[in-house]
K.L.:
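Please see the structure below; I have some questions.
Worth knowing before you read on, the calculation uses all heavy atoms, side chains too, and leaves out hydrogens, waters and symmetry mates. Predicted model, so just to flag it, every value in this text is computed and none were measured.
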Amino acid sequence: MDLALLRTFVTVHRAGSFTRAAALLGLSQPAVTSQIRTLERQLGRPLFLRQARGVTPTTIGDELAHKAAPHLDALVEITETGPDDESSLRTLHLAGPPEFTAERALPALTELTGEDGQGYALRASFGNAEETLEGLAAGHHDLAISTARPRGALLTASTLCDEEHVLVAAPSWAGQIGSGEALETVREVKRAPAFENVPVIEVHESLPFVSRYWASVFDSRPAAPGTVVVPDLRAVLACAIAGAGLAVLPRYLCAAALERGDVVALHEPTVPPLRTYFLVVRTGTLAMPHIARAHEWLLRAAADWC
């Protein structure tokens, strides 16, 4: 079986599209289509079901991808670094949400870039769950951190950690909203009238963090629209410290500000809302030593994050 055909097949399987695979391989779409048809003729079985938007692998296609992909990845690594070149830097490509990746994952993984880490080179990119998982499936990344568990057998996810969400604001807002006893009453009646007139700071117009908190704690939806919308939780925290309004933030991100008194927790529910992070790889790539080591390193580091 021609390795070039297998490489094209695995790329199509990961990309989910002949067009995207052609772009990744630097080939024309007809060339990719022709190679897949040749491989299908050799095997005597269809590997993909053609659809209006992309392709879906058949059962045989999935089985072949899971067998072939790890070995092809290993061959690519050998061609990039050489089989006996221990001094060559092995590059690890990581993707994930900007705040968590910057504050948690990257500081942990930089320990692998020194001499003790056997010469790792580290490359990181940021994106939302959909973007990072698509990039991982297409072979752009080695590891992805995601708040969504991937479906299907192409990607394998391990639970990394849970983050607790905290409702915070500058101390001046806490004084205007009311006492701790008043807030306890708010929790008991499952409504949040005390917060309805407080401006909201969020990462998106849809208020993903505040809406999730309100649904979980108050069994309602927030009444106030976003007053300040910035696409980074670190900027949200900075605006909250400046007194722009309330925000829902991961505790790890605002713990230091809470300790300093720059912001205060407006509410302490008995069961705080949590969000789970997953560490995701392409199925089979943990056979590659540098990916396996980084994967294990992050899982061990995450034990201290929860």
K.L.:
Do Leu266 and Val168 have side chains that get closer than 4.5 Å, going by heavy atoms?
P.N.:
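Of all side-chain heavy-atom pairs linking Val168 with Leu266, none is under 4.5 Å.
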
K.L.:
Same hydrophobic cluster for Ile60 and Leu49, using side-chain heavy-atom links shorter than 4.5 Å among ILVMFWY?
P.N.:
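Unlinked, Ile60 and Leu49 end up in two clusters.
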
K.L.:
Does some side-chain heavy atom of Phe48 sit less than 4.5 Å from a side-chain heavy atom of His13?
P.N.:
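Yes, at least one pair of side-chain atoms sits under 4.5 Å.
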
K.L.:
Can you get from Leu64 to Leu3 by hopping between Ile, Leu, Val, Met, Phe, Trp and Tyr side chains that sit under 4.5 Å apart?
P.N.:
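Looking at the clustering, Leu3 is in the same group as Leu64.
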
K.L.:
Is the side chain of Ser216 donor-acceptor paired with the backbone N or O of Tyr213 at a distance under 3.5 Å, no angle test?
P.N.:
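Checking the backbone N and O of Tyr213 against the side chain of Ser216, no donor-acceptor pair under 3.5 Å is found.
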
K.L.:
Is a donor on one side and an acceptor on the other found under 3.5 Å between the side chain of Asp142 and the backbone of His93?
P.N.:
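Present.
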
K.L.:
Compare every heavy atom of Val228 with every heavy atom of Ala244, then report the nearest pair and how far apart it is.
P.N.:
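Closest approach of Ala244 to Val228: CB-CG2, 4.1 Å.
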
K.L.:
Are Ile201 and Leu246 side-chain neighbours, meaning at least one heavy-atom pair lies under 4.5 Å?
P.N.:
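In short, these two side chains do not touch, never coming nearer than 4.5 Å.
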
K.L.:
Atom OG of Ser34 and atom CZ of Phe18: how far apart are they, to the nearest 0.5 Å?
P.N.:
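Ser34 OG to Phe18 CZ: 10.5 Å, rounded to 0.5 Å.
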
K.L.:
Compare all side-chain heavy atoms of Leu112 with those of Leu109 and state whether any distance is below 4.5 angstrom.
P.N.:
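The answer is yes, as the side chains (C-beta and beyond) meet within the 4.5 Å cut-off.
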
K.L.:
Given Val55 and Val12, is the side chain to side chain contact (heavy atoms under 4.5 Å, CB included) satisfied, shown in steps?
P.N.:
CA-CA 8 Å; Val55 294; Val12 173; 3.9 Å; yes

K.L.:
With a 3.5 Å distance limit and no angle check, can you tell me whether Thr58 reaches the backbone of Pro46 through a side-chain donor-acceptor pair?
P.N.:
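Side chain of Thr58 to backbone of Pro46: a pair is present.
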
K.L.:
For the backbone of His141 and the side chain of Arg282, can you confirm whether one donor and one acceptor N or O come within less than 3.5 Å of each other?
P.N.:
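Yes; judged by distance alone, with no hydrogens or angles, the pair exists.
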
K.L.:
State whether the side chain of Ser211 and the backbone N or O of Pro208 hold a donor-acceptor pair below 3.5 Å, judged by distance alone.
P.N.:
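Such a contact is absent between Ser211 side chain and Pro208 backbone.
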
K.L.:
A side-chain contact here means heavy atoms from C-beta on lying under 4.5 Å apart; do His267 and Phe218 qualify?
P.N.:
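Yes, their side chains come closer than 4.5 Å.
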
K.L.:
Look at the side chain of Thr285 and the backbone N and O of Val281, then say whether any donor-acceptor pair between them is shorter than 3.5 Å.
P.N.:
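Here the side-chain-to-backbone pair does not exist.
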
K.L.:
Leu106 and Leu299: same hydrophobic cluster, using ILVMFWY side-chain contacts below 4.5 Å?
P.N.:
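In one cluster with Leu106: Leu299, yes.
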
K.L.:
Do Leu39 and Phe9 touch side chain to side chain, with heavy atoms closer than 4.5 Å?
P.N.:
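Answer yes - side chains close enough.
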
K.L.:
Drop me the distance from His140's NE2 to Glu134's CD, to the nearest 0.5 angstrom.
P.N.:
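His140 NE2 to Glu134 CD: 9.5 Å, rounded to 0.5 Å.
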
K.L.:
Measure the CG-CG distance between Leu249 and Leu237 for me, rounded to the nearest 0.5 Å.
P.N.:
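Answer rounded to 0.5 Å: 5.5 Å.
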
K.L.:
Check for me, please, whether Val203 and Val230 land in the same ILVMFWY cluster - side-chain distances under 4.5 Å, paths through other members count.
P.N.:
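Same cluster: Val203 reaches Val230 through Ile, Leu, Val, Met, Phe, Trp or Tyr contacts under 4.5 Å.
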
K.L.:
I'd like to check Pro273 versus Val217 (side-chain heavy atoms, cut-off strictly below 4.5 Å). Are they in contact?
P.N.:
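A side-chain contact exists here, since the closest heavy-atom pair is under 4.5 Å.
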
K.L.:
Only one of Glu259, Glu103, Glu164 clears salt bridge (charged side-chain N to carboxylate O under 4.0 Å, His left out) with Arg251; which?
P.N.:
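Single salt bridge (charged side-chain N to carboxylate O under 4.0 Å, His left out) partner of Arg251 among Glu259, Glu103, Glu164: Glu164.
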
K.L.:
Any salt bridge between Arg300 and Glu111, counting N to O under 4.0 Å?
P.N.:
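Between Glu111 and Arg300 there is no salt bridge, as every charged N stays at least 4.0 Å from the carboxylate O atoms.
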
K.L.:
Do side-chain atoms of Trp297 reach the backbone of Ala108 as a donor and acceptor pair under 3.5 angstrom?
P.N.:
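Indeed, once roles are kept as given, a pair shorter than 3.5 Å links the two residues.
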
K.L.:
Between Trp173 and Phe195, is the ring centroid distance below 6.0 Å?
P.N.:
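No: the rings miss the under 6.0 Å criterion.
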
K.L.:
Yes or no on salt bridge (charged side-chain N to carboxylate O under 4.0 Å, His left out) for Glu40 and Arg50, after CA distance, side-chain angles and deciding distance?
P.N.:
CA-CA 13 Å; Glu40 288 178 328; Arg50 279 68 169 177; 3.2 Å; yes

K.L.:
What is the distance from atom OG1 of Thr147 to atom CZ of Phe100, rounded to the nearest 0.5 Å?
P.N.:
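Output value for this atom pair is 10.5 Å.
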
K.L.:
So, are Glu202 and Arg212 salt-bridged, with charged N and O less than 4.0 Å apart?
P.N.:
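A salt bridge is absent here (no side-chain N lies under 4.0 Å from a carboxylate O).
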
K.L.:
What I want to check is whether the side chains of Glu163 and His165 have a donor and an acceptor closer together than 3.5 Å.
P.N.:
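There is such a pair between these side chains.
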
K.L.:
Measure the shortest side-chain to side-chain distance between Thr38 and Gln35 over non-hydrogen atoms and say whether it is less than 4.5 angstrom.
P.N.:
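SC-SC contact between Thr38 and Gln35 ruled out.
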
K.L.:
Do Val10 and Leu43 sit in one hydrophobic cluster, given that two such residues count as connected whenever their side-chain heavy atoms are within less than 4.5 Å of each other, even indirectly?
P.N.:
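Val10 and Leu43: one cluster.
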
K.L.:
Does Pro98 offer a backbone N or O that forms a donor-acceptor pair with the side chain of Thr101 under 3.5 Å?
P.N.:
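Here the side-chain-to-backbone pair does not exist.
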
